[in-house]
Amino acid sequence: MAEKRLMYGNHAIVEGVLAAGCRFFAGYPITPQNEIPEYMSIRMNEVGGVFIQTESEIAAINMLFGAAAAGKRAMTSSSSPGISLMQEGISYIAGADIPVLVVNVIRGGPGLGNIAPAQSDYYQATRGGGHGDYFTITLAPNSAQELFEFPKLAFELAEKYRNPALILADGLLGQMMEPVEFSYDPVDPTTLPEPSYALSGCQGRDRRVVRSYDLKPGKLEEWNWRRHAKYQHIMEKEQRAQAADCDDAELVIVAYGTSARVSSAAARMAREKGYKVGLLRPITLWPFPKNALAELSNKVEYFLVVEMNLGQMVEDVKLATECKNKIHFHGRPGGGVPTPHEIYEKIETILGGSS
Amino acid sequence: MAEKRLMYGNHAIVEGVLAAGCRFFAGYPITPQNEIPEYMSIRMNEVGGVFIQTESEIAAINMLFGAAAAGKRAMTSSSSPGISLMQEGISYIAGADIPVLVVNVIRGGPGLGNIAPAQSDYYQATRGGGHGDYFTITLAPNSAQELFEFPKLAFELAEKYRNPALILADGLLGQMMEPVEFSYDPVDPTTLPEPSYALSGCQGRDRRVVRSYDLKPGKLEEWNWRRHAKYQHIMEKEQRAQAADCDDAELVIVAYGTSARVSSAAARMAREKGYKVGLLRPITLWPFPKNALAELSNKVEYFLVVEMNLGQMVEDVKLATECKNKIHFHGRPGGGVPTPHEIYEKIETILGGSS
Amino acid sequence: MLQQGSLENGLRKEELMPQVKILEEVCKGCGLCCDDVCPVDILILAPDRINGSGYHPAEVTDNDKCTGCGYCFKICPEPAIEIFK
Amino acid sequence: MLQQGSLENGLRKEELMPQVKILEEVCKGCGLCCDDVCPVDILILAPDRINGSGYHPAEVTDNDKCTGCGYCFKICPEPAIEIFK
Amino acid sequence: MKQIFGRPAGLTDVLQRYCPGCGHGIVHRIIGELLVKLGIRERAVGIAPVGCSVFADEYFNCDMIQPPHGRGPAVSTGIKRSRPDCIVFSYQGDGDLAAIGTAEIIHAASRNENITVIFINNAIFGMTGGQMAPTTLPGMKSTTSVQGRNIKKQGYPIKVCELLAGLDGPYYLVRTSVHDPKNIIKTEKALKNAFGNQIAKNGFSLVEILSMCPTNWGMTPVQSKRWIGDTMMKYFPLGEYRNRAKEEK
Amino acid sequence: MKQIFGRPAGLTDVLQRYCPGCGHGIVHRIIGELLVKLGIRERAVGIAPVGCSVFADEYFNCDMIQPPHGRGPAVSTGIKRSRPDCIVFSYQGDGDLAAIGTAEIIHAASRNENITVIFINNAIFGMTGGQMAPTTLPGMKSTTSVQGRNIKKQGYPIKVCELLAGLDGPYYLVRTSVHDPKNIIKTEKALKNAFGNQIAKNGFSLVEILSMCPTNWGMTPVQSKRWIGDTMMKYFPLGEYRNRAKEEK
Amino acid sequence: MTKEIIIAGFGGQGIVSSGIILGYAGMLENKNVTFFPSYGAEMRGGTANCSVVISSEPVASPIVAYPDILIIMNEPSLARFEPMLKPGGIFFYNKTLIKSHPKRDDITVLAIEANAIAEELGQGRIANMVMLGALVKKTDILKLETLKKAQRERFVKASSEQLSLNDKALERGSELY
Amino acid sequence: MTKEIIIAGFGGQGIVSSGIILGYAGMLENKNVTFFPSYGAEMRGGTANCSVVISSEPVASPIVAYPDILIIMNEPSLARFEPMLKPGGIFFYNKTLIKSHPKRDDITVLAIEANAIAEELGQGRIANMVMLGALVKKTDILKLETLKKAQRERFVKASSEQLSLNDKALERGSELY
Ligand SMILES: Cc1ncc(C[n+]2csc(CCOP(=O)(O)OP(=O)(O)O)c2C)c(N)n1
Ligand SMILES: Cc1ncc(C[n+]2csc(CCOP(=O)(O)OP(=O)(O)O)c2C)c(N)n1
Ligand code: SF4
Ligand code: SF4
Ligand code: SF4
Ligand code: SF4
Ligand code: SF4
Ligand code: SF4
Ligand SMILES: [Mg+2]
Ligand SMILES: [Mg+2]
């Protein structure tokens, strides 16, 4: 077992990104993720990678487009308003089938909102806030350890499917410190093969073109159907979730990221009081872990969705469970973080009658 | 009855916007809606309104923010990539509770895509492509006549609820010509009352502040809950849909805008062949006409969702019908327009077995 | 100067003499007014007094010298200075 | 000039003489090459010929005068001109 | 006894949350005075930026709006065009104006939009904790240039007045500083001109103001004000870069 | 017999879809030649804009990418920084570069990013059908300024070279034209310098090229080329606005 | 009754105007109408075409895939659109400019010397009016008088000579059959 | 076992460092730990506080709402945090700088002359170390030795004198009880 280090979540992301062999970062400061570009500027300098503080988030996402189209692992990070500005760029990158990594350390919204942790960009992440038919692979870590580990996973999935990947964190995950184990050998970027689409000069091969448009009649439609098939495949094969205490549960909490952490304490409290409560934690928000929920929907009566927003995941839970179950919601929008106690009380109200 | 004029859909929007008393337009050219700014530049000059060709869509949405915060009816129009660029701005405007009108004449996506008609920005429009918990009132006209009439409705709803409103059209609606009846008396903008939030100089009153942020603990959460209540209200009260031949229908097509037009021809073909087919046309995409669908879900066995995308509305239909019915989909992404024949064939496959 | 005023115009001393007032609770003890700003050098940060926000506020060592030039006020970011005449 | 070449160097006429070739199907009949570009003014738009795209292509009226300066080529947007020597 | 200097009625009673010695406060005071002196407070609409002075919407005693980061000039345009009688001012930091808002300021200037822009150049991203700004000096340290700004990799600082002077549009462009009373008085005059131009419908005015950020410069307030005089002013020369009023004479 | 002038190997065989007499084609030909002459075709990556020349990705015989409208300089930066050995050029129109892409071009120039920008100034939005561009001349008609650009309402044209010359960053800024052979030859030289600077790792070069858009100017090709000489060049003076290579000598 | 029409030719042959005039006329006769111009990937020049639907019922799709009527003004359009015409459909073509001839035998083919007639009237570019005249005569979806009214709506800014010339071209077209 | 701790005081009093050192030490003893700094709406200066959780189980929320232990370094923080302490919780406060006294009687209150002791050792700013020393002695969530190790990890770039001084302050704190 590798040594552990006590790290800020935002620093853990940086180490994870570097360990994943990424040597290109472009980004624009925004709270609560400033520690990412700040620490990245130092670390990229150390490892000989590229760090660019851009003039805006729009420039950042487009620099990423360039670097990734040139065949390199490339990432940016921002927080909610900055991610909104990237939507056109993300749509292009998805439309050009190029893998990139975008980290969103969500804060309270809408608008300027505040700088407290939130999960209110779930819709944007899972439904593609940009234009056109596309999805982005979306991972929701819930610890500094996962913040370290998910960048590699995200790049691998992104490259496997030639699709942008998102990591959704929040201000709380980014700004807390937790022990992190550097759990795998860092990827040496020079050992990564050159992707088939990489723009690198056409010496010794046919020229390559990266683009998202096609004006020839019917062509763009073909692309979209091909991408549709890819999405269907990802939705079937890449669902990830973590279940705890679900086997005998009467009520299963569905929560990701920070809300999942908090919910786990609530579930513990409930178990102590004799309530049969489990926790299902979606790790991929897109593809949504439908199968796990579908299975549970046959055994469990109640679901309680806990989110730091107004209930954006509720629809996905309903769809996954085919509207069979009673689905409750406990949410804290605008930067509120639920307490285990609150959630426990909600559980009590739901199950109190029934037990 | 007022005289009819044969008009381009894009020109009908302009006349509708002016008839609604709007005297402020800011926008950036993009196909397939260039006729809107072009014609608007001429018409605003005639009526003494403001026309600004902006440096970008970002500038446009923010000029709108200013003009609307100053208490004026203000609008912009664009097409998909341009609307993606407006997402941060729309989130701010929603977060500041300011009414504006944004017209999206959708084209094939994602990315640069093409300039053919599409409906693939449904998710973006109905789930808020920007960050944070918010929704935009979204209208889907299906004729030049509605393109003329909906701007007024949109402004009225936007102002009633202090919320941005969207009109989703597509390249086909924008670029075809159809007779338009100027069906109501134009609103004289000077007769519109000054809204309570309007920034106009604080003479004779307390100063006013328009903003979307609040860093005081808990405050932003309060705002969000207040807005939640507003959204619940809108979702209950403002659903709009048009039903045709649904009373005895075995299968109901659910389609909006251009797909609804095309579907109506398919429904006619199906009826001629003896199939009991109806059409439900959502006019508000958000709030989604759940009630109409919920009612139908008890009478109808099959739903066929027809869209010019990969099936973005399907989830809403499932949710509205509580996953009770068999829901089929026929879609044409990337700028494809379905033909009545195609849809008819789909109906035949679905009902062919059953009848 | 002082005398001139009080003698010739029959005004009371304070009415001619500029009075500098530091709003101690508004002052953040930045010291900008105390550097080389005051032409007669009568402003310092109170060495051992702390206001409610934990700052050493500025204080006037010898108001009588004040010319009323307003420089201290002009450079004060809060502004935590008022000048009367 | 012509004679010089063929006599003195023993080369065949075409080898010295620049040859201007218009790729008629590529030409869009814009006429840029025909305006005041050619120093010896030997390019015109074919008045009554139309190519597959519906354009009147450029044509060379008197190739013998061509100096091979390449101006016509340089201004041709397609480029629909080739010059040989 | 009469107050001859004191909190102007153009500021609200809300105490400012800026750090001790922050230049924003000095500029706020000047604007607060001008709103009253020029008799425009009751028809003014101010635009707060995103930056430390996001809270300007609480401080100026007039109608205020807080738009997205960098978009002040666009929002100003929307207000001014729909209410030409309002006096519209956009208050912006160097991140806001010279990084993310580059396009908006250039085009507002190029349109000669009849607004007043107050541009606080403190050579740093204050609010987010001291990252490099487009105006950070070569060699200057920031949290994203810990070894000092490296012009080879991080490019050159942008001199906003010089840049905008490359446009035909703007009416008035001037750079001042608030690091000492003499320069503060010049800043007062420049801002008065800038508002005056708008009142006279002359068009676009921008006052760039060198301003202390002791916190993120890692200096005391007094060190900061001296640093402006000793170092920053050399890189950003003060003075008028455009004054059509003078040219027209 | 040898071909002395002809389609360069730096262009593909795809026939261009530009209108008759469009200046884009002339510039394409020059770039196509330079890619070969300078021996950089096999390490070049070109960036097509959004505009009439969006199709440049089909025309240049090298690796190409087509990014969002206006973002060429950012995409170029991403490529160049991750593959410093590639020769990266961004081809952009005046809407692309001087309207929506204003921030990106200014910051790439300010960073002295080692790229080559080819800027086609045809004073109009070509692709979308002739709307006013930031470079549309005062009084010039467009589909959004049907009575001619009114500088009072629609602002002044942006002179990109003059604007960028207000920055310390850029290495080479020059304005040329392709309306006659003499100027085309100057354009060839300027573009050669611009690529040469990149090869020599000198930094940012931008060549602004006045270029005909007969279709949206409502002129014949021949009228268009004359209009550049008679009118457009007066407003946009040709010449070098920055040449550090000369300054350094 | 629903008639779906495609008009196709070179840019500059008045394709769009023809379509709009038909649409206007339909509207004046209180029919449901749509007009839809088609944009190719080409920048400018090249071919243009448009769809017009005239119907007693609300028009579903303004894009015509299988026209009842074709008006073909130039050679390339003939090849492209001929296969789309419905069996039994009517094929009008501009014989002056088109050398080939439609191959199908399940359609009615009408070759019209549109440009020749127009030149005869003194103006080549009113060939489209000749075609429209022929159309109303041969099919009777619309009245000649309505077309005359419609062209006046379309060309509000035209000189009265031009308008009369247009009328004449319409008439000449309608006298062909 | 889970201990939830809040440390609060002025910026500059080493609040964040104290929290991180506790976190490090917890980690070194193989516990689950989290540290979370809190940002107010204020720009700079003003008060700072942080949450530390040390537990044998995975830590759910790093934000502490009801602490088991409070370390209070200045006056304003006393009033703010006292009500949040769990009944039976331990309340350490810096008596040198704080004039008032906690009012609750359902908690253990420990008044420590942290600044006085620190000044005695020669450096006011190590008052936080004194408090940490007292903490480990009074509760035994962590060992003094681990804290010593932890502070060396935290201050890797500090001089060895400084590090020994810190050790001394920790010791002095731990000797108080
Ligand atoms: C779209 C977006 N990107 C980034 C931010 C984060 N942000 C807030 S203020 C700021 C920069 C502030 O610097 P400056 O404009 O110089 O103002 P100062 O604080 O120095 O006065 C940034 C990057 C944001 N709020 N929104
Ligand atoms: C975000 C976005 N906004 C607008 C457009 C529409 N658009 C395409 S090209 C163009 C302008 C083209 O003008 P220019 O850059 O001058 O190039 P030209 O066609 O004149 O060569 C515009 C506005 C777009 N594709 N994307
Ligand atoms: S007013 Fe002038 S003289 Fe008086 S204290 Fe202030 S700076 Fe000094
Ligand atoms: S300038 Fe103002 S805040 Fe600063 S020390 Fe003087 S009075 Fe206090
Ligand atoms: S090469 Fe020169 S001389 Fe010959 S045709 Fe061309 S322009 Fe004329
Ligand atoms: S310049 Fe080229 S395209 Fe134009 S007429 Fe001459 S040969 Fe033809
Ligand atoms: S961080 Fe700098 S700019 Fe911001 S308030 Fe503090 S001193 Fe002022
Ligand atoms: S529209 Fe203008 S720029 Fe575009 S291809 Fe035609 S002539 Fe060239
Ligand atoms: Mg700043
Ligand atoms: Mg252009």
Side-chain angles (χ1 to χ4, degrees), chain A residues 58 80-85 87-88 91-96 104 106 108-116 118 120-121 123-124 127-134 211-215 217-225 227-228 231 309-310 312 315 318-319 322-324 332-336, chain B residues 58 80-85 87-88 90-96 106 108-116 118 120-121 123-124 127-134 211-215 217-225 227-228 231 309-310 312 315 318-319 322-324 332-336:
Chain A
I58 292 182
S80 311
I83 301 288
S84 289
L85 285 170
Q87 293 306 319
E88 188 207 24
S91 171
Y92 268 74
I93 295 170
N104 182 358
I106 307 178
L112 186 53
N114 61 19
I115 54 174
S120 42
D121 303 351
Y123 273 147
Q124 187 192 57
R127 298 295 187 283
H131 59 286
D133 286 288
Y134 74 92
R211 68 181 201 185
S212 64
Y213 81 91
D214 206 321
L215 298 188
K219 275 290 164 199
L220 191 71
E221 183 167 358
E222 267 174 42
W223 284 28
N224 269 280
W225 283 119
R227 223 173 277 123
H228 182 67
Y231 294 142
N309 63 36
L310 288 174
Q312 302 188 11
E315 294 181 350
K318 276 196 190 153
L319 289 166
E322 302 258 311
C323 312
K324 277 198 298 282
R332 297 287 305 272
Chain B
I58 293 182
S80 312
I83 301 288
S84 289
L85 285 169
Q87 293 306 320
E88 188 206 25
I90 294 174
S91 172
Y92 267 74
I93 295 170
I106 309 177
L112 185 54
N114 60 20
I115 53 173
S120 43
D121 303 351
Y123 274 147
Q124 188 193 57
R127 298 295 187 283
H131 60 287
D133 285 289
Y134 75 91
R211 67 183 201 184
S212 64
Y213 80 93
D214 205 320
L215 298 188
K219 277 288 164 201
L220 191 71
E221 184 167 356
E222 268 174 40
W223 283 28
N224 269 279
W225 283 120
R227 225 174 275 124
H228 182 66
Y231 295 142
N309 63 36
L310 287 174
Q312 301 187 11
E315 293 180 350
K318 277 195 190 156
L319 289 165
E322 303 259 314
C323 312
K324 279 196 299 279
R332 296 287 305 272

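These values consider heavy atoms only, across backbone and side chains, with no hydrogens, waters or symmetry-generated copies. Naming: A, B, ... by sequence-line order, numbering from 1 per chain.
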Next item on the list: Under 4.5 Å heavy-atom distance to chain A, tell me which part of B:Gln312 shows up: side chain, backbone, both or neither.
Entry: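 Side chain only.
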Item checked: Interchain contact, B:Ile58 with chain A, by part (heavy-atom threshold 4.5 Å) ->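 Contact with chain A: side chain only.
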Next item on the list: Mind checking side-chain hydrogen bond (donor to acceptor under 3.5 Å, both in side chains) for A:Lys324 and listing every partner two or more places apart, or none if nothing turns up?
Entry: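 Checked A:Lys324 against side-chain hydrogen bond (donor to acceptor under 3.5 Å, both in side chains); matches are A:Ser297.
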Please report the closest heavy-atom contact between [X] and [Y], naming both atoms and the distance.
| X | Y | answer |
| --- | --- | --- |
| A:Gly129 | B:Gln124 | O-NE2, 2.9 Å |
| A:Gly111 | B:Ser91 | N-OG, 2.9 Å |
| B:Pro333 | A:Asp133 | CB-OD2, 3.9 Å |

Notebook entry, point to check: Under 4.5 Å between any side-chain heavy atoms of A:Pro110 and B:Asn224, yes or no?
Noted result: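 Of all side-chain heavy-atom pairs linking B:Asn224 with A:Pro110, at least one is under 4.5 Å.
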Note to self: Are B:Arg211 and A:Leu112 packed together at the side-chain level, in the sense that at least one heavy-atom pair is separated by less than 4.5 angstrom?
What the structure shows: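 Heavy-atom side-chain distance check fails, nothing below 4.5 Å.
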Checklist line | By side chain to side chain contact (heavy atoms under 4.5 Å, CB included) - contacts of B:Ala116 (at least two apart) | finding: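 Residues passing side chain to side chain contact (heavy atoms under 4.5 Å, CB included) with B:Ala116: B:Asn114.
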Margin query: Heavy-atom pairs under 4.5 Å with chain B: which of A:Tyr134, A:Trp223, A:Trp225, A:Tyr92 has the most?
Written below: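 Option with the greatest count: A:Tyr92.
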Note to self: Please rank A:Lys318, A:Arg332, A:Gln87, A:Glu322 by heavy-atom pairs under 4.5 Å with chain B and give me the top one.
What the structure shows: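 Looking at each of A:Lys318, A:Arg332, A:Gln87, A:Glu322 in turn, A:Arg332 comes out on top.
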Next item on the list: Among B:Gly95, B:Gly109, B:Ser212, single out the residue with the greatest number of heavy-atom pairs under 4.5 Å to chain A.
Entry: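 Option with the top pair count is B:Ser212.
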Item checked: When B:Ser80, B:Pro81, B:Gly130 are compared by non-hydrogen pairs under 4.5 Å with chain A, the top option ->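 Option with the greatest count: B:Pro81.
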Note to self: Given B:His131, which partner from the list A:Ile106, A:Ile83, A:Asp121 fulfils the side chain to side chain contact (heavy atoms under 4.5 Å, CB included) test?
What the structure shows: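 Exactly one pass, corresponding to A:Asp121.
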Notebook entry, point to check: Could you state the interatomic distance from CG (B:Leu319) to CG (A:Leu319), rounded to the nearest 0.5 Å?
Noted result: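 Answer for the CG-CG pair, B:Leu319 versus A:Leu319, is 4.0 Å.
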